[in-house]
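One structure, pasted below without further comment.
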Amino acid sequence: GYDCEDLKRKAKNSKLKNIFGSEFKILSVKNVKELSNSKEGLECIGDAKFDNGDESKLKMEAYKEDGATWYKFQQVLN
């Protein structure tokens, strides 16, 4: 299984695209909390800092599909 610390490590240095199509990198994630944890997957949220100067909540997911583990990172805009 995974925990939020694993997801946090995976998220760091990952690249995200915003709705305008520009790419930015996740520099750090703090105050990570678990939202849900099941056999299907894990969902956590934390405060992220990005290399474009932005800071926002980041939703991080790990889930299993076709025997592989997939990760999804998504900026949560207020």
Side-chain angles (χ1 to χ4, degrees):
Y2 298 90
D3 61 24
C4 290
E5 283 301 309
D6 294 323
L7 272 182
K8 188 174 126 174
R9 277 194 295 275
K10 284 268 183 220
K12 203 177 164 187
N13 295 321
S14 293
K15 287 199 169 113
L16 291 182
K17 258 195 171 85
N18 66 14
I19 50 172
F20 309 110
S22 59
E23 231 180 30
F24 48 95
K25 203 198 284 188
I26 301 166
L27 295 179
S28 68
V29 188
K30 289 189 180 110
N31 308 321
V32 178
K33 286 198 279 282
E34 192 176 281
L35 296 177
S36 69
N37 196 345
S38 66
K39 270 206 273 304
E40 283 75 54
L42 170 69
E43 205 173 313
C44 308
I45 194 160
D47 300 318
K49 201 173 255 178
F50 304 98
D51 70 352
N52 63 354
D54 265 8
E55 288 184 36
S56 76
K57 294 267 183 231
L58 180 74
K59 198 160 112 182
M60 303 170 282
E61 291 174 69
Y63 56 95
K64 281 204 163 19
E65 208 172 271
D66 303 328
T69 303
W70 299 86
Y71 299 96
K72 193 165 122 192
F73 306 117
Q74 194 179 354
Q75 209 177 358
V76 179
L77 302 170
N78 301 336

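Not measured: the values here are computed from a predicted model.
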TODO: Working to the nearest 0.5 Å, report the span between NZ of K15 and NZ of K25.
DONE: 6.0 Å
- [ ] Kindly write out the residues that satisfy side chain to side chain contact (heavy atoms under 4.5 Å, CB included) with E5, not counting sequence neighbours, or none if the list is empty.
- [x] D3, K8, R9
Open item on the list: With side-chain contact (heavy atoms from CB on, under 4.5 Å) as the test, pick out the partner of E43 among S38, C4, S36.
Closed with: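 Passing option: S36.
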Task: Hphob cluster co-occupancy, V32 + F50, side-chain heavy atoms under 4.5 angstrom - done: yes
Open item on the list: Holding to side chain to side chain contact (heavy atoms under 4.5 Å, CB included), I want the full list of residues that pass it with S14, two or more places apart in sequence or in another chain.
Closed with: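 Side chain to side chain contact (heavy atoms under 4.5 Å, CB included) list for S14, sorted by chain: I26, F73.
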Open item on the list: Quick check for you: to the nearest 0.5 Å, what is the distance between K49 atom NZ and S28 atom OG?
Closed with: 5.5 Å
Open item on the list: Under 4.5 Å between side-chain heavy atoms, counting indirect links through other Ile/Leu/Val/Met/Phe/Trp/Tyr residues: same cluster for I45 and Y71 or not?
Closed with: no
Which atom pairs, donor and acceptor, lie under 3.5 Å between side-chain atoms of residues 53-66 and protein residues at least two apart or in another chain?
unit_1	atom_1	unit_2	atom_2	d
S56	OG	Q75	NE2	3.2
K57	NZ	D47	OD1	2.5
K64	NZ	T69	OG1	3.2

- [ ] Report the residues that fulfil side chain to side chain donor-acceptor pair (under 3.5 Å) with S22, sequence neighbours left out, ordered by chain and then residue number.
- [x]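 Applying side chain to side chain donor-acceptor pair (under 3.5 Å) to S22 gives N18.
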Task: side chain to side chain contact (heavy atoms under 4.5 Å, CB included) against K12, all qualifying residues, sequence neighbours excluded - done: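 Scan of K12 (side chain to side chain contact (heavy atoms under 4.5 Å, CB included), adjacent residues dropped) gives none.
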Task: Side-chain cluster (under 4.5 Å, hydrophobic types only) that L27 belongs to, other residues - done: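 Under the 4.5 Å side-chain rule, L27 groups with nothing.
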